[in-house]
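Inspection log for the structure reproduced underneath, given as structure tokens.
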Amino acid sequence: MSDMITADLVDLDLSADTKEAAARALAERMVALGRVTDLDGFLADVAAREAQMPTGLDGGIGIPHCRSEHVTEPTLAFGRSASGIDFGAADGPADLIFLIAAPAGADDAHLTILSSLARQLMNAEFTDALRAVGDAGTAAALIRGDATPAAATAGDTGSAAAAGAAASTASTDSADSVAASGAASPDAATGDTVTDSADSDGERPFRIVAVTSCPTGIAHTYMAAESLENAGREAGVEVVVETQGSAGFTRLDPAVIAAADGVILAHDLPVREKDRFAGKPTVDVGVKAGINRAAELIAEVRGKAARGEVTAAARPGSTPVERAGEPGEGYGTKLRKWLMSGVSYMVPFVAAGGLLIALGFAIGGYQINEARSVTEHFDWGQVDSWGALLFQIGAAAFGFLVPVLAGYIAYGMADRPGLVPGFVGGAISLTIGAGFLGGLVAGLIAGGVVLGIQRVNIPAPLRGIMPVVVIPLISSAVVGFLMFVVIGKPIAAAQKGLTDWLNGLSGANAVLLGVLLGLMMCFDLGGPVNKVAYTFATAGISVAAPSDSAMKIMAAVMAAGMVPPLGMALATTVRRKLFTSAERENGKAAWVLGASFISEGAIPFAAADPLRVIPASMAGGAVTGALTMAFGSTLRAPHGGIWVTFLIGKPLLYLLAIAAGTAVTAGLVILLKGLRKPAPGAQGPKRVAVPTEPKQPVAA
């Protein structure tokens, strides 16, 4: 770590009073040394990481960190605040601030060193020494591992380096090996972890395997691992941790997992290969709980083991994709996550199937849906045969939409056992004409039925066949009965009424619908509201012969979804001074993203300035949606942006509607931003003076 932190990167009298100011003050030191090339761009990346999860830790530590393309080499800056700075920790402000900057393509060796620092922060002797040290050079040496905590607090920097050199090398090597492997060292012969926690009477201790991960994979991942290992030693428990961090991860030995008595998953990203831990008592929490409540988690998993609770009876909603049942979340939040799980898996089928169908119409004409099956007749030399082939492949893909939607809603609720009843319910929904509405209901019912079955206390000998035989059998029967006999027909009637209403829309009513769809598409830029509008549109064209109204709705939805990124791209081109350098770079990419119907291209702008960007985007989307409906443009493809213009009815008017909405969004966002002071750094990167002495802080 010798080249990662020097005295120039240490501020023992950090005067900032907010986390943003603290990050700026420390980042300016990195800029002065050439470690960061764009101050505002880097700070935007730090803020984006902070928005994912606060980086304050119990014990008075703040550890903001990120990967950024504006970082030239892995760098660490340290600041000590006398008054404390709020980084979101539960126990109050932080007085020890570490800013970690990793390049976008940081190599594994440097990330391993950073993980070693994260583990040191769990050592009270190390943090006490940082609070007591009086010299920036000594503090840097302590963080690098060139000085021991005792020598650093004694103030003898020269002897510290000499006295601690051997110990430092050994400890650094040990920390690096642990971080690289993500686990404690197993015995070569047995595969069991070698610890000093064996009971005096020879009985083996309780064994736990754990996985830790955080969004960046630089700091919290390894701090949670260290905290769990320390708590395990204090409790006389063997804890072996797999750190799924940025430096990659080494899988736990299957023999170690098999011998474990319990599992702790402390993560903010989906655990990779989670099925390895099935059938064991499991505690599933966020990564910060692994840092702050390690002893409680160990006690909790021991309690589950004593009661015989295993993953088959784990907390509802704990899935590999998203843990929809987090403590404290309301039912509405859980419902949104379940529905979005289904939609996210359905969208690729929509895109592939819809584009193939649209290409089939383009090649073979609008009567191609009446062609014979290509298994009965296919002529390699006939264009119509190729059109029929593309159409029938697309129709086959479209046939999976409702089953996939229902199946993965149930999956989001109840994990893999929900897939079978969900798919069955979705298929029945198609059979009885209940469509997408039926699929939504079937998925929720399937997930609920599986969760209900999982709550039943099953004898241990039968638990092995529950997910393979019993749960699929009972849940499919219940869902099938409800869909065929009880609720299927009313839902089918509602679906037919909605379709008839859409087919009857014309004139002012159609324009108002276009306004509503445009507002929805631009409200959350790819979020749940956006997906509701998109799913509503694709439902209408997912039949062999979609109505004219359904194709107009699809055209309005896609056109409106293109507006936000295109509007931001235009605004950054017309009034560059209103945007930071990072936003100007994002604006270049937004041209392509918008043209490709990827509304998420505007998210960086909305995240930085939501009160101006989102209203401007919604205004432009409403204009485009209204004009598209008024012009009567139609679209058979559910995706593609301007690249499927040849499949659009009245394409020139369609492009005019998009251009009008883009202009409205760009003009409004420029107006709103012009009413306030220019964004920091909008005039270019800020010049930062290089300090003349290492101990002198750089002015914020």
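Throughout, numbering of the chain's residues begins at 1 and tracks the sequence.
S599 places a side-chain N or O within donor-acceptor distance of the main-chain N or O of G561, the cut-off being under 3.5 Å. Side-chain atoms of R584 come within 3.5 Å of backbone atoms of R576 as a donor-acceptor pair (strictly under, hydrogens ignored). Side-chain atoms of S596 do not come within 3.5 Å of backbone N or O of L593 as any donor-acceptor pair. Using modelled atom types, one side-chain atom of T37 and one backbone atom of H70 make a donor-acceptor pair closer than 3.5 Å. Between the side chain of R612 and the backbone N or O of L672 there is at least one donor-acceptor pair closer than 3.5 Å. Side-chain atoms of R29 do not come within 3.5 Å of backbone N or O of A77 as any donor-acceptor pair.
Qualifying side-chain contact (heavy atoms from CB on, under 4.5 Å) partners for A616, counting only residues two or more places apart in sequence or in other chains: T665, L668, V669. Remark: S617 pairs with no residue by the side-chain hydrogen bond (donor to acceptor under 3.5 Å, both in side chains) rule, at least two apart or across chains. Checked against side-chain hydrogen bond (donor to acceptor under 3.5 Å, both in side chains), E585 has the following partners two or more places apart in sequence or in another chain: K588. Scanning for ring pair (Phe, Tyr, Trp, His ring centres under 6.0 Å) contacts around F98 gives F78, with sequence neighbours left out. Residues passing the salt bridge (Lys or Arg N to Asp or Glu O under 4.0 Å) test with E20, sequence neighbours excluded: none. Qualifying salt bridge (Lys or Arg N to Asp or Glu O under 4.0 Å) partners for K288, counting only residues two or more places apart in sequence or in other chains: none. Residues passing the salt bridge (Lys or Arg N to Asp or Glu O under 4.0 Å) test with R575: none are found, sequence neighbours excluded. Checked against side-chain hydrogen bond (donor to acceptor under 3.5 Å, both in side chains), T573 has no partners two or more places apart in sequence or in another chain. Every residue two or more places apart in sequence or in another chain that forms a side-chain hydrogen bond (donor to acceptor under 3.5 Å, both in side chains) with D45 is listed here: S68.
Within the 4.5 Å cutoff, the side chain of E50 has heavy atoms near those of the F87 side chain. With contacts defined as side-chain heavy-atom distances shorter than 4.5 Å, the pair L12/V10 qualifies. Counting heavy atoms from C-beta outward, K673 and L578 have side chains that approach closer than 4.5 Å. Considering only heavy atoms from C-beta on, V613 comes within 4.5 Å of M568 through its side chain. Contact of the L635 side chain with the M558 side chain is registered, since non-hydrogen atoms from C-beta on lie closer than 4.5 Å. A heavy-atom distance below 4.5 Å is found between the side chains of F597 and M521. Under the 4.5 Å side-chain criterion, counting only non-hydrogen atoms from C-beta, P93 is not in contact with I85. Taking the side chain as every heavy atom from C-beta outward, I291 and T212 never approach each other to under 4.5 Å.
No option in I658, V592, I642 other than I658 meets the side-chain contact (heavy atoms from CB on, under 4.5 Å) test with L566.
Going from atom CD1 of I61 over to atom OG1 of T55 covers 11.5 Å, rounded to the nearest 0.5 Å. Here the CD atom belonging to E28 is positioned 11.5 Å from the CG atom belonging to L99, to the nearest 0.5 angstrom. Between the CD1 atom in I100 and the CZ atom in R49 there is a gap of 10.5 Å [rounded to 0.5 Å]. Here the straight-line distance linking atom OG1 of T75 with atom CG of L26 works out to 12.0 Å at 0.5 Å rounding. Atom-to-atom distance recorded for E73:CD and M4:CE is 9.0 Å, nearest 0.5 angstrom. Taking OG1 of T580 as the reference point, atom CG of L39 lies at 11.0 Å (rounded to 0.5 Å).
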>> Before you tell me yes or no, could you show the steps for T221 and Q244 under side-chain contact (heavy atoms from CB on, under 4.5 Å), namely the whole-Å CA-CA distance, both residues' side-chain angles and the distance that decides it to 0.1 Å?
In response: CA-CA 7 Å; T221 298; Q244 296 186 356; 5.7 Å; no
>> Is there a side-chain contact (heavy atoms from CB on, under 4.5 Å) between L516 and L512? Walk through the geometry before answering.
In response: CA-CA 6 Å; L516 176 61; L512 289 176; over 6 Å; no
> What's the verdict on side-chain contact (heavy atoms from CB on, under 4.5 Å) for R80 and L14, showing C-alpha distance, side-chain angles and the deciding distance?
Replying inline: CA-CA 5 Å; R80 189 172 67 192; L14 187 61; 5.8 Å; no
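Under a 4.0 Å N-O distance rule, the pair D8/R35 does not qualify as a salt bridge.
Here the closest heavy-atom approach between residue P64 and residue I97 is recorded as CD-CG2, 4.2 Å. Pairing each heavy atom of G587 with each of A569, the nearest pair is O-CB, 3.3 Å. In this structure, C66 and V46 approach most closely via the heavy-atom pair SG-CG2, 3.7 Å. Heavy-atom minimum distance, A602 versus P565: CB-N, 3.8 Å. The minimum heavy-atom distance between F523 and I614, with the atom names listed, is O-CG2, 3.6 Å. For the residue pair L76 and I143, the shortest heavy atom distance occurs at CD2-CG2, 3.4 Å.
By the 30° and 60° cut-offs, the orientation of the rings of F605 relative to F579 is perpendicular.
Identified under the salt bridge (Lys or Arg N to Asp or Glu O under 4.0 Å) test for residues 92-102, with sequence neighbours left out: D95-R131.
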In residues 621-630, what donor-acceptor pairs under 3.5 Å come from side-chain atoms, sequence neighbours left out?
{"residue": "T624", "atom": "OG1", "partner": "G620", "partner atom": "O", "Å": "3.2"}
{"residue": "T624", "atom": "OG1", "partner": "A657", "partner atom": "O", "Å": "3.0"}
{"residue": "T624", "atom": "OG1", "partner": "G661", "partner atom": "N", "Å": "3.4"}
{"residue": "T628", "atom": "OG1", "partner": "T624", "partner atom": "O", "Å": "2.7"}

Please list every donor-acceptor pair under 3.5 Å in which a side-chain atom of residues 646-654 meets a protein atom from a residue at least two apart or in another chain.
{"residue": "K650", "atom": "NZ", "partner": "F631", "partner atom": "O", "Å": "3.0"}
{"residue": "Y654", "atom": "OH", "partner": "A555", "partner atom": "O", "Å": "3.2"}
{"residue": "Y654", "atom": "OH", "partner": "A559", "partner atom": "N", "Å": "3.2"}

